[in-house]
Number of protein chains: 2
Amino acid sequence: MASSELKDKVYGELSRITQAISNPKRMELLDLLSQKSWSVEELAREINMSVASTSQHLQVLKVARLVQARRQGNFIFYQVADDHVLRLVSAVKDLGFTRYAEIDRVLQDYNEESHSLESITLEELMKRSGKEKIMLIDVRPPDEYASGHIRNAISIPLPELKKRFKDLPKDKTIVAYCRGPLCVMAQEAVKFLNSKKFKAIRMEDGYVDWKLKQVS
Amino acid sequence: MASSELKDKVYGELSRITQAISNPKRMELLDLLSQKSWSVEELAREINMSVASTSQHLQVLKVARLVQARRQGNFIFYQVADDHVLRLVSAVKDLGFTRYAEIDRVLQDYNEESHSLESITLEELMKRSGKEKIMLIDVRPPDEYASGHIRNAISIPLPELKKRFKDLPKDKTIVAYCRGPLCVMAQEAVKFLNSKKFKAIRMEDGYVDWKLKQVS
DNA sequence: ATTCTATTCAATAACTTAATTGAATAGTTG
DNA sequence: CAACTATTCAATTAAGTTATTGAATAGAAT
């Protein structure tokens with residue numbers, strides 16, 4: 001085989017990956033799958049698409065070996081294949097968020113308040129949690145917490161916050177996180193807690209960001 | 001704007017990136033551009049494609065803001081926009097190499113000897129260079145060395161090795177690197193040096209891998 | 001065994017992407 | 001400023017991608 005054929009073969013294989021993530025709906029699927037396993041039906045509802053189309057997109061991701069399927073009862077649950085996939089999705093999002101002012105503008109328009117809320121990054125959290133009293137709460141749905149969460153975070157799903165906020169300490173800073181910057185749950189939690197005179201701040205990074213920092 | 005429109009907008013923007021890298025030739029271009037700036041003509045020759053087609057691919061990458069163009073004399077030189085792009089390309093390659101046995105097989109078929117050569121990783125190099133006497137040589141063309149190289153590496157382009165090998169020390173381990181695992185230059189260098197009774201080994205990681213480890 | 005249900009498959013039509021060609025352009029060089 | 005040259009543009013054709021629909025399937029549940 002000539003050298004150019006060799007290169008074509010290699011980049012052809014690599015483009016099986018990039019081809020698979022080239023579609024907006026498939027990026028959305030991968031982003032959802034980064035949090036937990038989902039059935040096809042759930043995913044279809046979440047991304048606003050017919051079950052058949054969703055299934056086809058999942059097939060594409062499966063053939064590229066970015067996701068895996070397993071049956072559980074009547075349902076088939078999909079999940080990301082491994083951390084390399086998380087890293088790839090994360091690299092795309094990092095690039096996108098730093099690059100495209102459009103995304104930020106869209107998000108800001110959607111929720112003016114969100115940007116006025118105090119927020120910290122994962123790194124700041126790490127530093128500060130050594131020095132001061134901080135309580136980290138994960139406000140995502142319980143199944144997502146169960147399938148992985150930041151160490152020492154406790155689960156208080158957003159809908160439960162109104163019942164459980166009284167148990168929270170007033171002398172600690174409460175840091176709330178959810179799926180990531182695109183998710184509004186942590187923001188809602190912080191607004192609510194602040195209205196109840198807690199010292200609450202948001203962290204935009206999510207579990208996946210934390211997880212990826214652990215290994216390296 | 002409804003929440004679903006918002007999401008569509010966000011993932012639509014992200015897919016401008018993934019769409020741009022979805023093509024094998026464009027992946028190859030990005031990989032080349034990771035090493036240094038290239039003119040359209042040079043790139044066209046390297047990827048075996050007409051200048052017009054190459055230019056069109058570069059336009060796509062430029063619109064997605066993955067690369068930048070600047071004029072220099074009669075030529076227009078392209079370069080990657082920033083480190084986020086390097087990280088993205090690197091994430092794709094990492095995933096590809098670990099995932100697709102096909103790639104490895106293709107490479108192995110192409111050069112049986114390459115896999116029998118002793119080689120080390122970047123991390124091993126870092127560790128060992130504290131303890132033993134190691135000389136690191138960069139065997140890429142001089143312009144690539146000039147546009148960035150691993151700290152403390154000295155430049156000995158492969159074609160010059162036959163003239164200059166006599167100046168190399170026999171009491172140190174010589175580690176040679178080039179563009180990365182797909183590149184054969186370091187391998188050639190190691191084979192040559194070993195035949196001259198030097199203790200030479202290859203490192204498959206390249207400058208880009210090193211650079212990306214510096215920041216994080 | 002039969003029913004039920006989540007998922008997948010197949011066919012289609014609208015749309016997008018890609019390589020090729022030859023012409024146009026913009027900017028440098030003499 | 002005229003000639004030159006690297007790059008880009010535009011038009012075309014072929015190939016690939018996507019959403020939609022309705023039918024098929026595979027496996028679990030009863």
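Lettering follows sequence order; numbering is per chain, from 1. Note that these values count all heavy atoms, side chains included, but never hydrogens, waters or copies made by symmetry.
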- side chain to side chain donor-acceptor pair (under 3.5 Å) with Glu144(B): which of Arg179(B), His149(B), Lys36(B)?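 Passing option: Arg179(B).
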Spacing of [atom1] belonging to [X] relative to [atom2] belonging to [Y], to within rounding of 0.5 Å:
X: Leu33(B); Y: Arg26(B); atom1: CG; atom2: CZ; value: 13.0 Å
X: Cys178(B); Y: Met185(B); atom1: SG; atom2: CE; value: 5.0 Å
X: Leu88(A); Y: Lys93(A); atom1: CG; atom2: NZ; value: 12.0 Å

Salt bridge flag under 4.0 Å for residues [X] and [Y]:
X: Lys7(B); Y: Glu28(A); answer: yes
X: Glu13(A); Y: Arg16(A); answer: yes
X: Asp83(A); Y: Lys211(A); answer: yes
X: Glu123(A); Y: Lys213(A); answer: yes

Can you tell me the distance, in whole Å, between the [atom1] atom of [X] and the [atom2] atom of [N]?
X: Phe75(B); N: dT29(C); atom1: CZ; atom2: C1'; value: 12 Å
X: Glu28(B); N: dA19(C); atom1: CD; atom2: P; value: 12 Å
X: Trp38(A); N: dA6(C); atom1: CH2; atom2: P; value: 17 Å
X: Leu58(B); N: dA18(C); atom1: CG; atom2: P; value: 13 Å
X: Lys25(A); N: dC15(C); atom1: NZ; atom2: P; value: 18 Å
X: Asn23(A); N: dT16(C); atom1: CG; atom2: P; value: 13 Å

- Task: For Arg151(B), look at atom CZ and say whether over 12 heavy atoms of other residues, nucleotides or ligands are found less than 6.0 Å away.
- Result: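 No - once you tally the heavy atoms of other residues, nucleotides and ligands closer than 6.0 Å, there are 12 at most.
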- Message: Which nucleotide wins on minimum distance to the side chain of Gln56(B), given the candidates dA18(C), dG27(C), dA19(C)?
- Response: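 Nearest listed nucleotide: dA19(C).
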- Query: Contact class for Gln72(A) vs. all strands (heavy atom < 4.0 Å): base, sugar-phosphate, or nothing?
  - Reply: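 Answer is nothing: Gln72(A) stays at 4.0 Å or more from every strand.
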- Message: Heavy atoms only, 4.0 Å cut-off, all strands: where does Phe77(B) land among base, sugar-phosphate and nothing?
- Response: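 Since no nucleic acid heavy atom lies under 4.0 Å of Phe77(B), the category is nothing.
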- Message: Within residues 39-52 of chain B, which residues have any heavy atom lying less than 4.0 Å from an atom of DNA chain D?
- Response: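 Listed by number, they are Ser39(B), Val40(B), Glu41(B), Val51(B), Ala52(B).
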- Message: What range of DNA chain D does chain A touch, first nucleotide to last, counting atoms under 4.0 Å from its heavy atoms?
- Response: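 The contact span of chain A on DNA chain D goes from dT17(D) to dA28(D).
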